[in-house]
Enquirer: 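Questions regarding the structure given below will be posed in turn.
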Amino acid sequence: MDLKQAARNIRLDTIRCIGSLGAGHYGGSLSISEVLSVLYFKHMRIDPAQPGLEGRDRLFLSKGHAGPALYAALANRGYFPKDKLLTLNQPGTDLPSHCDMRRTPGVDMTAGSLAQGFSCAVGAALGSRLRKDGAWIYAIIGDGESQEGQIWEAALFAASRKLDHLIAFLDYNGAQLDGAVNDINTLEPVCAKWEAFGWNCIDVPDGHDVEAIDRAVCQAKSSAGKPTMIVLHTVKAKGIAKMEGKAEGSHYFALTPEEVEQALKENGGTDDVDA
């Protein structure tokens, strides 16, 4: 599938998924549609018919509140029917608000407290090396999450072990729950920090450009001896015009059914989950 179309489908289904609940983490979910498209529809060695396949590539969504976007990617990749997206966080659902590897096919790690998923990704990369299974381990972290000390402890360990089959992405959308990242605890100079911790760092000025993301992943895969951080400059709540890029209020918010329909139209879709 064309990566731009895959990203569009993921964004539309993320809006439908959260819209079915009425409110949710639209902001940080919609900012990662493109990177999920590039990973799940080009780079990851996976088999939806065998979600637990040994030696498969893995994705660790450390910013676990973006679970609806991951669910949308998995549904589009064929892990489960797309109509399940409309059960988000409902009683008995397989799609809880934060991902649970015991409940959802294709989810590689349960998400909870921020930064823990990144440590799990580092551990998985070390385990993959010990097993010699050739798996690529991917992780997505948030910019607000990057203020957690655990991120940097894991970064130090990954670099010290030269885990060059670990590729991480920073969803650098500039906003967190309490406001603008730079107003709370800036990450700048972000690439210099990761390089100082022993990582390669690749800066992608447009984190919604699937071709640029693809090139960055290919570059990361050709680099030996170091893990790689790919910094994606993204727009929070990308695709919902009334909320795009806002530092305040874009992390978790509600949309009326009419606003959901409008958001789908803005992205060229309809309210039909199978569109």
Side-chain angles (χ1 to χ4, degrees), residues 3-4 7 10-11 27-44 59-63 66 69 114-115 117-118 121-122 125 136-148 150-159 162-176 180-239 244-247 250:
L3 294 179
K4 290 182 180 179
I10 292 169
R11 178 164 286 109
S29 295
L30 293 173
S31 56
I32 63 171
S33 298
E34 282 74 21
V35 65
L36 291 174
S37 166
V38 171
L39 292 178
Y40 279 95
F41 286 88
K42 181 169 183 182
H43 283 280
M44 291 182 69
L59 173 68
F60 291 74
L61 182 64
S62 192
K63 45 169 284 177
L114 290 175
F118 188 56
V122 172
W136 286 95
I137 307 299
Y138 301 95
I140 300 176
I141 66 174
D143 43 12
E145 178 182 22
S146 297
Q147 296 161 0
E148 299 276 356
Q150 186 170 348
I151 290 287
W152 301 100
E153 293 176 38
L156 281 173
F157 183 84
K162 299 178 170 40
L163 298 178
D164 53 11
H165 272 58
L166 172 62
I167 300 175
F169 301 86
L170 172 62
D171 179 24
Y172 205 10
N173 58 46
Q176 59 191 92
V181 170
N182 285 340
D183 291 341
I184 295 168
N185 193 8
T186 185
L187 302 181
E188 293 297 337
V190 64
C191 260
K193 286 183 171 67
W194 282 97
E195 289 166 352
F197 272 67
W199 286 55
N200 295 314
C201 188
I202 303 170
D203 190 75
V204 179
D206 182 357
H208 300 292
D209 182 338
V210 291
E211 294 177 355
I213 298 169
D214 179 31
R215 288 193 298 269
V217 174
C218 291
Q219 182 181 339
K221 286 185 172 182
S222 68
S223 179
K226 294 181 179 181
T228 297
M229 173 59 70
I230 299 175
V231 177
L232 303 175
H233 296 263
T234 59
V235 176
K236 196 136 187 176
K238 176 72 171 176
E244 272 192 7
K246 290 186 176 181
S250 62

Enquirer: Would you name the heavy atoms of Gln147 and Ile184 that are closest together and state the gap between them?
Expert: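 Result for this residue pair: OE1-CG2, 4.0 Å.
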
Enquirer: Side chains of Lys63 and Leu61: does their closest heavy-atom pair fall under 4.5 Å?
Expert: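 Yes - at least one pair of side-chain heavy atoms lies under 4.5 Å apart.
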
Enquirer: If you count every heavy atom of other residues, nucleotides or ligands that lies below 6.0 Å from Lys221 atom NZ, does the total exceed 12?
Expert: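 Yes, NZ of Lys221 has more than 12 neighbouring heavy atoms, counting only those of other groups under 6.0 Å.
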
Enquirer: Per the side chain to side chain donor-acceptor pair (under 3.5 Å) rule, which among His208, Lys238, Lys4 passes with Glu34?
Expert: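 Exactly one option meets the side chain to side chain donor-acceptor pair (under 3.5 Å) with Glu34, and it is His208.
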
Enquirer: If you look at every heavy atom in Phe118 and Ile151, which pair is closest and at what distance?
Expert: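 The pair with the smallest heavy-atom distance is CE2-O, 3.5 Å.
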
Enquirer: Is there side-chain contact between Thr228 and Ile202, with at least one heavy-atom pair below 4.5 Å?
Expert: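 Of all side-chain heavy-atom pairs linking Ile202 with Thr228, at least one is under 4.5 Å.
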
Enquirer: Just by distance, do the side chain of Lys236 and the backbone of Ser250 share a donor-acceptor pair under 3.5 Å?
Expert: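 No, Lys236 side chain to Ser250 backbone: no donor-acceptor pair under 3.5 Å.
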
Enquirer: State whether the side chain of Trp136 and the backbone N or O of Ile167 hold a donor-acceptor pair below 3.5 Å, judged by distance alone.
Expert: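 Side chain of Trp136 to backbone of Ile167: no pair is present.
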
Enquirer: Could you give the distance from CD1 (Ile137) to CG (Leu163), rounded to the nearest 0.5 Å?
Expert: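 Separation between the atoms: 10.0 Å.
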
Enquirer: Does Leu187 reach the side chain of Tyr172, with side-chain heavy atoms less than 4.5 Å apart?
Expert: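 A side-chain contact under 4.5 Å exists here.
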
Enquirer: Please report the interatomic distance CE(Met229) to CG(Asn200), rounded to the nearest 0.5 Å.
Expert: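 The CE atom of Met229 sits 11.5 Å away from the CG atom of Asn200.
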
Enquirer: Could you tell me the separation between the CD1 atom of Ile230 and the CG atom of Leu170, rounded to the nearest 0.5 Å?
Expert: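 Ile230 CD1 to Leu170 CG: 11.0 Å, rounded to 0.5 Å.
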
Enquirer: How about Val204 and Phe169: do any of their side-chain heavy atoms sit closer than 4.5 Å?
Expert: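 No; the side chains remain at least 4.5 Å from each other.
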
Enquirer: Mind listing the closest non-hydrogen atom pair of Gly144 and Val181 along with its distance?
Expert: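 Heavy-atom minimum between the residues: N-CG2, 4.2 Å.
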
Enquirer: Here's a test for you: under side-chain contact (heavy atoms from CB on, under 4.5 Å), which of Asp143, Val235, Ile32 qualifies with Asn173?
Expert: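 When side-chain contact (heavy atoms from CB on, under 4.5 Å) is applied between Asn173 and each of Asp143, Val235, Ile32, only Asp143 qualifies.
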
Enquirer: Work out which heavy atom in Ala7 is nearest to a heavy atom in Ser33; give both atom names and the distance.
Expert: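 Looking at all heavy atoms of both residues, the closest pair is O-CB, 3.8 Å.
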
Enquirer: Is the shortest heavy-atom distance from the side chain of Glu148 to the side chain of Ser62 under 4.5 Å?
Expert: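 When only atoms from C-beta onward are counted, Ser62 and Glu148 do not touch, as no gap falls below 4.5 Å.
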
Enquirer: Test Leu3 against Glu211 for side chain to side chain contact (heavy atoms under 4.5 Å, CB included), laying out the working first.
Expert: CA-CA 8 Å; Leu3 294 179; Glu211 294 177 355; over 6 Å; no

Enquirer: I'd like to check Leu36 versus Leu59 (side-chain heavy atoms, cut-off strictly below 4.5 Å). Are they in contact?
Expert: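 Side chain of Leu36 against side chain of Leu59, heavy atoms only: contact under 4.5 Å found.
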
Enquirer: If we only count heavy atoms from C-beta on, is the Trp152 to Trp194 side-chain gap below 4.5 Å?
Expert: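 In short, these two side chains touch, coming nearer than 4.5 Å.
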
Enquirer: Which atom names give the shortest non-hydrogen contact between Ala69 and Ser29, and what distance separates them?
Expert: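 Ala69 and Ser29 have their closest heavy atoms at CB-O, 3.3 Å.
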
Enquirer: Decide yes or no for Asp171 and Glu145: does some side-chain heavy atom of the first lie under 4.5 Å from some side-chain heavy atom of the second?
Expert: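 No, their side chains stay 4.5 Å or more apart.
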
Enquirer: Quick one: closest heavy-atom pair of Val231 and Cys201, and the distance?
Expert: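 Closest heavy-atom pair between Val231 and Cys201: CG2-SG, 3.7 Å.
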
Enquirer: Is it true that a side-chain atom of Lys42 and a backbone atom of Ser37 form a donor plus acceptor pair closer than 3.5 Å?
Expert: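 Not confirmed, Lys42 side chain does not pair with Ser37 backbone.
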
Enquirer: Roughly how far, to the nearest 0.5 Å, is the CG atom of Asp214 from the CD atom of Gln219?
Expert: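 It comes to 11.5 Å.
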
